[in-house]
2 protein chains.
Amino acid sequence: MSEAAPASTSKSERAYSAIKAHILEGDYSPGYRLVLAKIGEELGVSAVPVREAIRRLEAEGLVTFERNVGATVASIDPVQYLYTMQTLSIVEGAATALSAPLIGAADVARAREVNERMRECLKHFDPVRFTRLNQDFHSVLFEHCPNPHILDLVHRGWNRLGSLRSSTFRFVPGRAHESVEEHEAILRLIETGADADTIEKAARRHRSATLDAYLAQAPSLPQPTPALH
Amino acid sequence: MSEAAPASTSKSERAYSAIKAHILEGDYSPGYRLVLAKIGEELGVSAVPVREAIRRLEAEGLVTFERNVGATVASIDPVQYLYTMQTLSIVEGAATALSAPLIGAADVARAREVNERMRECLKHFDPVRFTRLNQDFHSVLFEHCPNPHILDLVHRGWNRLGSLRSSTFRFVPGRAHESVEEHEAILRLIETGADADTIEKAARRHRSATLDAYLAQAPSLPQPTPALH
DNA sequence: ATGCATAATTTCGTATACGATTTTGTATTG
DNA sequence: CAATACAAAATCGTATACGAAATTATGCAT
């Protein structure tokens, strides 16, 4: 990777992006200690902007921070995973329902094409690619979302899941197949102009079904609350 | 106000809390320019921790920040207000529905008492106190919320509304009365163990009705999207 | 007076330095 | 050997300093 654009963005901004990217790529895995001076050296900046970047990432839930001790990449224990998936179920449901009236036939076609590629991934068992396509699929649905705040919440949820994003598909074999079918069902609802409530519930269910599949694998979890369906 | 605890918390932490408090109290009103050095002097710290605090507040949506120009207290233009209210409608709806099964008779009684005090506020027309009690009411509902992420989203929404929080009640006379009645209705739904979907819709409606009342007053707004009911 | 170029001022952005705090390592003692 | 006490190292937290960028003020020409 080249040293890239030396100008135009501030160093704290570059540090923020770089660290975030490293976390999301998995270069810095959960629990990794983010030492200010060390990261600064890696990025060719001093500790001050790194510290600022890290605290911003803390506010997004990507790192945890302890006074006089330092920062570590936030790890997603099962309980946090549950909270995040449940929250995503709600905000994705809302985002889908709000977007639906604005999704045209061309968008549906595009989403369907992505979904077909996901279907192919199932044959070769490629969880990484599958996960990336999955995100593309939902991005197509949400790109017309009329409420940027809600979209932001969706992205924050995705970020928080981070590198775990594909784990359910990896560990719960059948789920990926179901997921593709649910995508198709959601597209049909949008095409036929189903009412917002129906679409919202389908989108919610799509996410919470993934959570349920995970919980079925990890029965030790608190199962703290009945999901909203 | 005394100089207070000189130890135990870091300066960046104190700056963060102090600035946030000033924004929420209205000492720094929307649009106010947050000059690093000036605020640092006010708080008795240098610019570095102030900058860090401000960027954290930016991540929460309380201030806006522009490269090489500085930070200003985020102002809530009508469109942002709409986005935020719509988002709140959704997350408060979910928070209420998730909390409902965990709300006991004692909590309901407490909430009802708060609501009665709100009813009294209507007679003396005290929007500030009314708004504070309104928040108390919802805090009672949410204090058992099993998903802290969702609760966090509710609080972020409240913070974003900031000083505008009471404006609807101030400007749309009838709305406050309606609001009190809706509170009572929600309490009854919780008491009688209504299903999650019913409770969620009532809570959503409670918030989006306030938004509708506001939009009716400001008809110039884009009315960008049909609400989720 | 108006518009533009340029200088002065303000404010940001970050490297450096150093004290404060925590962690780690080592030695001493029961 | 385990536990405690203390020393050394690592790391954080922030004040200070100074260059960079943007904003504001000034002066000149039309």
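Note that this is a predicted model, so its numbers are computed, not measured. A, B, ... follow the sequence lines: proteins, then strands. Residue 1 opens every chain.
Separation of atoms CD1 (A:Ile150) and CG (A:Leu98) is listed at 5.0 Å; rounding is to 0.5 Å.
Summarising the geometry, the separation between CZ on B:Arg55 and P on C:dC12 is reported as 12 Å, rounded to the nearest angstrom. A:Arg14 places its CZ atom 12 Å from the C1' atom of C:dT14, with the value rounded to the nearest Å. At whole-Å resolution of the value, CD in B:Glu58 and C1' in C:dC12 are 14 Å apart. Between the CG atom of A:Leu36 and the P atom of C:dA15 there is a distance of 13 Å, rounded to whole Å. Between the P atom of D:dT14 and the CD1 atom of B:Ile54 lies a distance of 15 Å, rounded to the nearest Å. Rounded to whole Å, atom C1' of C:dT14 lies 17 Å from atom CD1 of A:Ile39.
Under the 3.5 Å distance criterion, the side-chain polar atoms of B:Ser179 are left unmatched by any main-chain donor or acceptor of B:Arg175.
Taking the side chain as every heavy atom from C-beta outward, A:Asn134 and A:His183 approach each other to under 4.5 Å. Two residues are said to be in side-chain contact when any heavy atoms from C-beta on lie closer than 4.5 Å; A:Trp158 and A:His138 meet this criterion.
Of the candidates D:dA15, C:dT14, D:dT14, the closest approach to any side-chain atom of B:Ser12 belongs to D:dT14. The side chain of B:Lys11 approaches D:dT14 more closely than any other nucleotide in the set D:dT14, D:dC12, C:dA15. Which of C:dC12, D:dA15, C:dA15 sits closest to the side chain of B:Pro49 comes down to D:dA15.
Comparing B:Ala71 and A:Ser46 by the nucleotide of DNA chain C whose heavy atom lies nearest to each, the residue mapping closer to the 5' end is B:Ala71.
Within the 4.0 angstrom heavy-atom criterion, only backbone atoms of the sugar-phosphate kind lie near A:Leu34; the bases stay farther away. Nucleic acid contact class of B:Val35 (heavy atoms, under 4.0 Å, all strands): sugar-phosphate only.
Residues B:Glu13 and B:Arg56 are paired through a salt bridge, judged by an N-O separation under 4.0 Å between the basic side chain and the carboxylate. Of the charged side-chain nitrogens involved, at least one lies within less than 4.0 Å of a carboxylate oxygen, so that B:Glu200 and B:Arg204 count as a salt-bridged pair. By the 4.0 Å N-to-carboxylate-O rule, A:Asp152 lies close enough to A:Arg156 to be salt-bridged with it.
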Can you give me the N/O atom pairs linking the protein to nucleotides 21-24 of chain D at distances under 3.5 Å, or say none if there are none?
from, atom 1, to, atom 2, distance (Å)
D:dA21, O3', B:Asn68, ND2, 3.4

